[in-house]
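Beneath this line is the structure, given in structure tokens, with notes to follow.
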Amino acid sequence: MYRPIRASIRISAIRHNFGVARRHAGNARLWAVIKANAYGHGLLRVAAVLGDLADGFALLDIEDALTLRDSGVDKPILLLEGCFSTADMQVAAARGLSVVVHQPEQVRLLAAIRPAAPVPVFLKLNSGMNRLGFPLSRCRDVLQSLRELPQVGSITLMTHFAQADDELGIAEPLARFRQASEGLGLPLSLANSATLLRFPEAGGDWSRPGIMLYGGSPMPRLASAASLGLEPAMTLSSTLIAVQEISAGEHVGYGGLYRAPQARRVGIVACGYADGYPRHAPTGTPILVAGQRTATLGRVSMDMLAADITDIPGAGIGSPVVLWGEGLAADEVADAAGTISYELFCALAPRVPVVTV
Ligand SMILES: *Cc1c(COP(=O)(O)O)cnc(C)c1O
């Protein structure tokens with residue numbers, strides 16, 4: 001007996017969303033970012049769906065990169081955090097991976113290997129995120145040391161903007177990045193989804209869309225996914241497995257967090273935090289029952305949650321429920337739960353069956 005919960009991944013939506021990225025990218029080539037199991041959508045599934053459209057795939061884990069190569073992907077693959085050991089650098093070179101170099105140790109790893117062919121390098125510069133990357137002021141001397149290494153092939157300069165998705169934007173860090181890289185004549189890689197959608201004029205030669213491919217808005221406070229022309233790729237659905245009729249003053253769920261002001265019909269949904277639904281989603285988080293929008297009630301349990309079906313008289317045991325996806329943007333659910341769609345998608349639990357539609 002299977003529980004009724006499942007995640008449906010719509011191939012046509014991922015392809016459509018890639019088309020939106022392509023339209024914003026001008027002449028830039030596109031890395032489809034498929035880190036974290038393609039944001040929960042399935043590494044090999046998304047690689048296959050975008051195999052003919054993407055110019056390459058960007059991810060973190062070298063094991064995932066090798067899985068792609070073993071499955072026949074012969075396009076460029078970029079390791080977004082580069083390599084962590086000489087052995088991995090050697091393997092990356094042998095399998096034709098491109099590597100980010102963001103700190104001096106990684107220059108030493110390159111110097112230590114003897115690859116059959118030079119390794120394409122993405123030299124990562126820190127434009128203000130203060131996470132990964134060399135200071136902009138060191139761009140030229142790191143470049144010099146990379147150029148002295150026969151192990152290094154093409155070099156692309158890369159940065160990742162900290163505030164492409166909020167009011168501040170990218171003008172100031174972009175100006176500093178441009179100044180640091182001026183006159184070097186090297187290809188650039190600048191844009192994540194937010195940069196691509198909001199500041200396509202930033203340009204660059206390789207853009208790196210992630211969340212938009214899956215139909216999440218990279219800046220939900222500024223623009224909904226629908227207004228950006230994006231379609232939801234993942235629909236998390238389930239059904240009602242029980243109905244409770246409660247009177248005024250009764251409570252729902254652990255801790256009795258929700259107290260009914262009047263009589264209510266409560267639908268119990270087969271979906272809980274062990275499926276990846278956020279436990280901190282409060283009463284009032286939007287949910288679709290029998291195609292109608294309503295609200296969750298009380299605390300999310302491990303395997304179940306409750307929805308108000310008082311105003312959906314036709315709803316009963318077996319009625320379809322959408323937790324997020326088609327008809328209910330993941331961004332709205334995420335916002336109610338104090339997070340972002342990225343986290344909802346990545347948290348989808350392995351126990352949830354995933355089907356491709
Ligand atoms: C994850 C990531 C991206 C994609 O970001 P989105 O906001 O999902 O588009 C791009 N570049 C780097 C370096 C990343 O780590």
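For ligands, and for the atoms within them, numbers begin at 1 and follow the listed sequence. Numbers here simply count residues along the sequence, with the first being 1.
- For Met129, the CE atom sits in a packed shell: over 12 heavy atoms of surrounding residues, nucleotides or ligands are nearer than 6.0 Å.
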Under a 3.5 Å threshold, I'd like every N/O contact between ligand 1 and protein atoms, with atom names and distance.
from     : atom 1 : to     : atom 2 : distance (Å)
ligand 1 : 7 (O)  : Tyr342 : OH     : 2.6
ligand 1 : 8 (O)  : Tyr39  : OH     : 2.5
ligand 1 : 8 (O)  : Ile211 : N      : 2.8
ligand 1 : 9 (O)  : Ser193 : N      : 2.8
ligand 1 : 9 (O)  : Ser193 : OG     : 2.5
ligand 1 : 9 (O)  : Gly210 : N      : 2.9
ligand 1 : 11 (N) : Arg208 : NE     : 2.8
ligand 1 : 15 (O) : Lys35  : NZ     : 2.7

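- Within a 6.0 Å sphere centred on CZ of Arg221, heavy atoms belonging to other residues, nucleotides or ligands number 12 at most.
- Side-chain N/O atoms of Thr67 and Asp70 include no donor and acceptor closer than 3.5 Å.
- Put simply, the side chain of Ser319 never gets that close to the backbone of Val289: no donor and acceptor are under 3.5 Å apart.
- At most 12 heavy atoms of other shown residues, nucleotides or ligands fall within 6.0 angstrom of atom CD in Gln179.
- For the atom pair CG (Asp275) and CZ (Arg6), the distance works out to 11.5 Å, reported to the nearest 0.5 Å.
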